[in-house]
Amino acid sequence: MKLPDKTTAMAEAVARIPSGATVMLSGFGVPGTPFALIQELLRQGQDNLTIIKNDANETGMGVDHLLAQGRIRRLITTHIGLNPRAVAMMNAGEIEVEFCAQGILAERIRAGGAGLKAIVTDIGRDTELTRGKPRLEIGGDSAVVELALRCDVALIHAARADTFGNLAFAATARNFAPLIAMAADMVIAEAEEIVPLGALPPDHVHTPGPFVDHVVALEALSEEYGVVRRA
Amino acid sequence: MKLPDKTTAMAEAVARIPSGATVMLSGFGVPGTPFALIQELLRQGQDNLTIIKNDANETGMGVDHLLAQGRIRRLITTHIGLNPRAVAMMNAGEIEVEFCAQGILAERIRAGGAGLKAIVTDIGRDTELTRGKPRLEIGGDSAVVELALRCDVALIHAARADTFGNLAFAATARNFAPLIAMAADMVIAEAEEIVPLGALPPDHVHTPGPFVDHVVALEALSEEYGVVRRA
Amino acid sequence: MALSGAHDRMIARAAREIAPGMVVNLGIGLPTRVIGHIPADFPVCLHTENGLSGIGPTLPYEAADRNLIDAGGAYVSTIPGSAFFDSATSFALVRTGRLDLTMLGAFEVAANGDLANWKIPGRFTPGAGGGIELAQKARRVIVLTTHTDRAGNPKLVSRCTLPLTAAGCVARVLTEMAVIDVTPQGFALREIAEGLDPATVAAATGAPLSLPEGEIPTF
Amino acid sequence: MALSGAHDRMIARAAREIAPGMVVNLGIGLPTRVIGHIPADFPVCLHTENGLSGIGPTLPYEAADRNLIDAGGAYVSTIPGSAFFDSATSFALVRTGRLDLTMLGAFEVAANGDLANWKIPGRFTPGAGGGIELAQKARRVIVLTTHTDRAGNPKLVSRCTLPLTAAGCVARVLTEMAVIDVTPQGFALREIAEGLDPATVAAATGAPLSLPEGEIPTF
């Protein structure tokens, strides 16, 4: 037995994404956002996308480029407060935005990733975010049924990947990556470093290779990862 | 900021478990079973326990001791085929046994560990294992509502723990440990090695310290872990 | 944002809410500043919902790690015993009551403990982020906020007018003017900023404020 | 358990079901033995539900790692690129269709693809283990079993009498006697063990067995 090689050229991997696709993106703020895969998506021109990501990045970064070029039809997210364009486009009705409590977005994705249909929770019970969602009586208490989320493609940024697609993430760049890797019909991972089989210790793999379809090497690290001076 | 010390003496930690408690045990077969904590439970005499574990171990090991001494009232599990005593006690009505599909047991525990009320799944839909469970129509399909499981105490075997309770598991000894660590009101982890704070790289921790209440050092490794010759 | 002396004293006062051994989440904005007031040898575990337990000191630009931020985007550090985890695990910790305390910002806090901090309809809708779960599931929720908004309107109100983050979740409100508890009878003044009198606090509060008998402790 | 030549040929035949690049789970019992027939350089990822992708060769007693077993308890090994994970992640992989193929044992397989392999009421109830999810969610389910039980009763039946593991899940049955597909019209003979004739197979089968036109391939 030896494990198959899944390394793929960037352009070839991204070309498998059709317009109209539902795409999940890793990243919480900057760390973990797959900036290079997003750039390739911009270059290739796919549009009418449904994007599922924790946030909409900030002006001039990641998701913001897709918004600026009008590629996004719908955004499922938790917080867009750092992207004025996202807020403005939402207010103008140019994109649909569905907000979710952050941990419930994580769990809905994970539920899709675990092959479940839905989760049942009391989170957001008293808020407008759960208005209209089905309810279920559990233990005398009214709980909300939150449907599992899956996507056509997950785009992931990893610190290291081996050729079979085992992934390791760095620090808080992990965030949603292991979850969306489970919830996609096709997973494309860009990696800062591609290592030979056996270089990632089996106990330290964050996303097991069987979830990953394509591993793309990064030639250079996007400037969007750079540390910025904040006020 | 420095992280609190949670090292506790074995007897003191286990003394916090009352008779009648619901106790989750890590382990899939031998690897990961907390044999020393089980031995201390035997010594202290708690009974009328509800045990939640993947399996009932084999004759003369772990759960089997608790069964032999009549300490278990109810067992929630996936497979007891390797423990003739468990099968016999079930058939004789001396213990209640609730069977669950293995991955659904894992997800019910994880749901409890994620603070969810329930999960919704199509697994086991056509089997007697889901008979009597509530159903929910999702996307025109009938799915089963599986209630989350939580417990009073989780007993866990770790390869390494630091003094704050960060845990690392070895190979297939990981199995249910990270899940039950999330699903318990109190988590007691026995560790083959207790290392100083900082010795476990933050990217390689399997169970984060905030989930763990007590870390117990093992003086010797139970003989029950020994490799055995099989037919 | 530069803080006045009163704001600084509020932050220092907030730090005293943290008891040894706690697991604490400090929300975006003012609460994050509490980190600077925790002594280096104080036994506490700070959690950030983007996937880190054991937050260390905030780092200056030169020392920052591009992969290591808190939920507000500040460059933070680790300490011995830190752990990274994914977003699902992070909120599992929140929803199962493993957070002893969270401090959150607010647009409005009501006398019944309701909190609104994610949406001002038609004006600003950043989204709820992790706030709903922190508010609903931390064992103790303290709101750390300016007593009034920029226009001078009270943030402590009889009933929230904005969409709720969570109902009945707030135990205590800490402002530059006062420490106020949410009680079954509504807001109750517990401590007051040095140099202020209760009438001034009451006037800046948009709901009845009960005063303690005897002298009011200051901070 | 010692295998006869016919059983050995069945296992070797089963190995040929595995295509390059597949992710495969080999169930407890006979299926596990297929590992021994996969060439060292064959590109395949073997999965075991107790938390390992990339199973390597089974190890003898002397070389075993006490922490490294498959779901059947056999001491296995890793290969370059193996990964360990918890039980929830392991079944996430199963339930989301990441398994191209599973081979399972059976008490009974019905002509409509129903599988029963976890309970013989009143006699033996080991529990379902991971079998339900493997049967229900792997992209292709092959049953690998002796053609009859110890008493000589057929395991291939018109309708399962035992409690089901999953309904309509089995695509193919591989025994020491034959390769039989489950089709909309019921069992269909595809290949036959060398030296056997179709009538013998049909007689050992508890449901109608359609025969192919022309010569029947042997294995």
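From a predicted model like this one, the values you see are computed outputs, not experimental measurements. Naming: A, B, ... by sequence-line order, numbering from 1 per chain.
Enclosure of atom CD in Glu223(B) is not indicated, since only 12 or fewer non-hydrogen atoms of other residues, nucleotides or ligands lie within 6.0 angstrom. Glu62(D) CD: more than 12 foreign heavy atoms inside a 6.0 Å radius. Counting heavy atoms of neighbouring residues, nucleotides and ligands inside a 6.0 Å radius, atom CZ of Arg74(B) exceeds 12 of them.
Neither the backbone nor the side chain of Asn54(B) comes within less than 4.5 Å of any heavy atom in chain D. Leu221(B) touches chain D through its side chain: at least one heavy atom from C-beta onward sits under 4.5 Å away, while N, CA, C and O do not. Looking at Ile132(D), the atoms closer than 4.5 Å to chain B (heavy atoms on both sides) all sit in the side chain, from C-beta outward. Contacts between Ile80(B) and chain D at a heavy-atom distance below 4.5 Å involve backbone atoms as well as side-chain atoms. Residue Ile109(B): no heavy atom, backbone or side chain, is found under 4.5 Å from chain D.
Of all the listed residues (Val97(B), Thr127(B), Asn175(B), Leu129(B)), the one sharing the greatest number of non-hydrogen pairs under 4.5 Å with chain D is Asn175(B). With chain D as the partner, the residue from Ala159(B), Ala56(B), Ala101(B) showing the most heavy-atom pairs under 4.5 Å is Ala101(B). In terms of heavy-atom pairs under 4.5 Å with chain D, the best-connected choice from Gly81(B), Ala171(B), Pro31(B) is Ala171(B). Interface remark: of the candidates Val87(B), Thr77(B), Asp55(B), Asp122(B), Asp122(B) forms the most heavy-atom pairs closer than 4.5 Å to chain D. The most heavy-atom pairs under 4.5 Å with chain B, out of Ala83(D), Ala71(D), Ala135(D), Gly168(D), come from Ala71(D). Across Glu133(D), Glu49(D), Lys137(D), Lys119(D), the residue that shares the most heavy-atom pairs under 4.5 angstrom with chain B is Glu133(D). Taking chain B as the reference chain and counting heavy-atom pairs below 4.5 Å, the highest number among Leu164(D), Thr48(D), Asp65(D), Asn50(D) is found for Asn50(D). Heavy-atom pairs under 4.5 Å with chain B were tallied for Asn67(D), Thr165(D), Thr78(D); the largest tally goes to Asn67(D). The candidate from Asn91(B), Ile104(B), Asn83(B) with the greatest count of non-hydrogen atom pairs under 4.5 Å with chain D is Ile104(B). Counting heavy-atom pairs under 4.5 Å between each of Ile69(D), Leu52(D), Asp70(D) and chain B puts Ile69(D) at the top.
With a 4.5 Å cut-off on side-chain heavy atoms, Gln102(B) and Phe28(B) count as touching.
A donor-acceptor contact closer than 3.5 angstrom links the side chains of Asn25(D) and His47(D). Donor-acceptor pairing under 3.5 Å is lacking for the side chains of Asn57(B) and Asp64(B).
The existence of a salt bridge linking Arg9(D) and Glu176(D) is excluded, since no basic side-chain nitrogen approaches an acidic carboxylate oxygen closer than 4.0 Å. Salt bridge absent: Arg190(D) and Glu17(D) never bring a charged side-chain N and a carboxylate O closer than 4.0 Å.
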Stepwise side chain to side chain contact (heavy atoms under 4.5 Å, CB included) check, Phe35(B) with Met61(B)
CA-CA 8 Å; Phe35(B) 290 123; Met61(B) 304 177 88; 4.1 Å; yes

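Relative ring orientation between Trp118(D) and Phe99(B) is described as perpendicular, the plane-to-plane angle rising above 60° on a 0-90° scale split at 30° and 60°.
Each of Ile55(D), Val34(D), Val23(D) was compared with Leu46(D) under the side-chain contact (heavy atoms from CB on, under 4.5 Å) criterion, and only Ile55(D) meets it. Each of Thr145(D), Thr205(D), Thr148(D) was evaluated against Lys155(D); a single residue qualifies, Thr145(D), per the side-chain hydrogen bond (donor to acceptor under 3.5 Å, both in side chains) test.
Using non-hydrogen atoms only and a strict 4.5 Å limit, the part of residues 84-109 of chain D facing chain B consists of Phe84(D), Phe85(D), Asp86(D), Ser87(D), Ala88(D), Phe91(D), Arg95(D).
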